[in-house]
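Below is one structure, written out as structure tokens; comments come after it.
For clarity, every value in this text was computed on a predicted model and none was experimentally measured. All ligand and atom numbering here is 1-based and tracks the order in the structure.
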Amino acid sequence: MAFNKDQFDSIIEEFTVDGSRLHEVAADFRYDLRKGLQDPAESSLRMLKSYVGLPTGEETGEYLALDFGGTNVRVLRIRLDGHGKFEVLKKVAKPLRVEGIYDFVGEGSTAEQQFDFIAELVDEAIEGDHTTKYLLGHTFSFPSEQTNLYNAKLIIWTKEFATKGVEGKVVNDLLKEALHRQGIDNVEPTAVINDTVAVLLAAAYKQEDTYIGSIYATGHNTCYFEPFADKAERPMILNLESGGFMKLAPNRFDAEFDAQSEKPGEQRLEKMVSGRYMGELFGMALAELLGEQGSKYGFTSIDMSNTILDETPAREEVKAIVKAKTGRELETADCELVQQLASAIVIRSARLVTATYVGIIWQLAGGKAIAKQHIAIDGSVYEKMPLAKENIMRALSELLGEDAAVVDTVLENGGSGLGAAIAAAMSQE
Ligand code: GLC
């Protein structure tokens, strides 16, 4: 074996969230939630109002849905048939960046370029029809300050986006202007929602007892339905921007990665748990084990997934992945340690994410019995990363004990598009 076992053990230890820490994170999250309900400035959770409640299931009709939240932008034409039924009539998708060809997410790009590109995609979805009236729901998956369902201002880019001239702007105004420049005046954007809100709307359209919506993918964030029992507000979904949760114990890899990121100090939870970042943390820890501290290898969460899944006796897959990214040939015993490292990072991620869900569940229960409920989750990490789901379930049991029996998680695949269409329908209620 080439790796130093003591060094390895201490790295694993740094990525471990034990039972008592898990409880602390859940309790701290609930504390921030309570504080945030009184005054968001006192909390690391943004508690952004969505101005939308839960759907009744009666929402029907044909709508356009724009899903803008990562490098891949999608526009869908969707017909809602009520009570969870719907049909996607048309779907177009394009990346906002193609390496070496164009880039509408980097700091060299402008709001006009970005939204013109999106407006062209809308044009494709309506197949050049500039007469039929369409309402458009816009899933815009970045922290936005809303004053109503239409008016959402981007507070700050996350997920390493850096396009100039969007922060501080009303995104639907930018979209409307771009649509107008393309001669598309028959499409009216009427609603903007976060992707977590879209997931919750889509799931609640299909089944009752769903109050929490979450994205566990490139980015991570959660929203929930706040009943405002004290009548301070009308009941509505709050986007927590939980990726910005701060009451955590970042290890030195987290701290070092944060310092080099696009927005140091922001999105501390997201940088510890989401798909965009886990590969980076894995690479940093591996660099230490290889005696190449500071090297950037560009591991992705897909590499981690393939690493964990390799069951070949000689760990051929792990060897190939490590060779391709670092140029180094590992012995089988070291490959097994590399698998443990990847697993530890994924397990930490699932445990931290679950602690935040439980913080919300506790807050909603308000000291009374925990209601039967589903947590709706969308995203590649939840769906595809080995160990993620089972560790969510395990952490739910650890935190909730017997009450874990009334809580389950459901995959709400593609909720961003469906949710946007539902929001467009709800904008007319
Ligand atoms: C980032 C965004 C948030 C979004 C999440 C998942 O955390 O700030 O708004 O919900 O990514 O896409």
[Y] backbone acceptor or donor facing [X] side chain under 3.5 Å:
{"X": "Lys159", "Y": "Ser141", "answer": "yes"}
{"X": "Ser349", "Y": "Ile345", "answer": "no"}
{"X": "Arg79", "Y": "Glu62", "answer": "no"}

Taking only non-hydrogen atoms of Thr158 and a 4.0 Å limit, the atoms of ligand 1 in range are 1 (C), 2 (C), 8 (O)
Ligand-residue contact atoms, ligand 1 with Gln267, heavy atoms, under 4.0 Å
7 (O), 8 (O)
N/O of Asn239 under 3.5 Å from N/O of ligand 1, yes or no?
no
What protein heavy atom is closest to atom 7 (O) of ligand 1, reported as residue, atom name and distance in Å?
Glu270 OE2, 2.5 Å
Return the residue, atom name and 0.1 Å-rounded distance of the protein heavy atom closest to atom 9 (O) of ligand 1.
Glu241 OE2, 2.5 Å
Pi-cation contact, Tyr382 with Lys389 (under 6.0 Å, within 45°):
yes
State if Ser141 counts as touching ligand 1 under the rule of any non-hydrogen atom under 4.0 Å.
yes
I'd like to know if Gly69 contacts ligand 1, where contact means a heavy-atom distance under 4.0 Å to any ligand atom.
no
If we only count heavy atoms from C-beta on, is the Val73 to Asp67 side-chain gap below 4.5 Å?
no
Does His220 approach ligand 1 within less than 4.0 angstrom via side chain, backbone, both or neither, non-hydrogen atoms only?
backbone
According to the interplanar angle, ranging from 0 to 90°, do the rings of Phe142 and Phe140 count as parallel (below 30°), tilted (30 to 60°) or perpendicular (above 60°)?
tilted
Would you call the rings of Trp157 and Phe68 parallel, tilted or perpendicular, taking 30° and 60° as the class edges?
tilted
Which option wins on minimum heavy-atom distance to atom 10 (O) of ligand 1: Ile156, Leu154, Thr218, Asp195?
Asp195
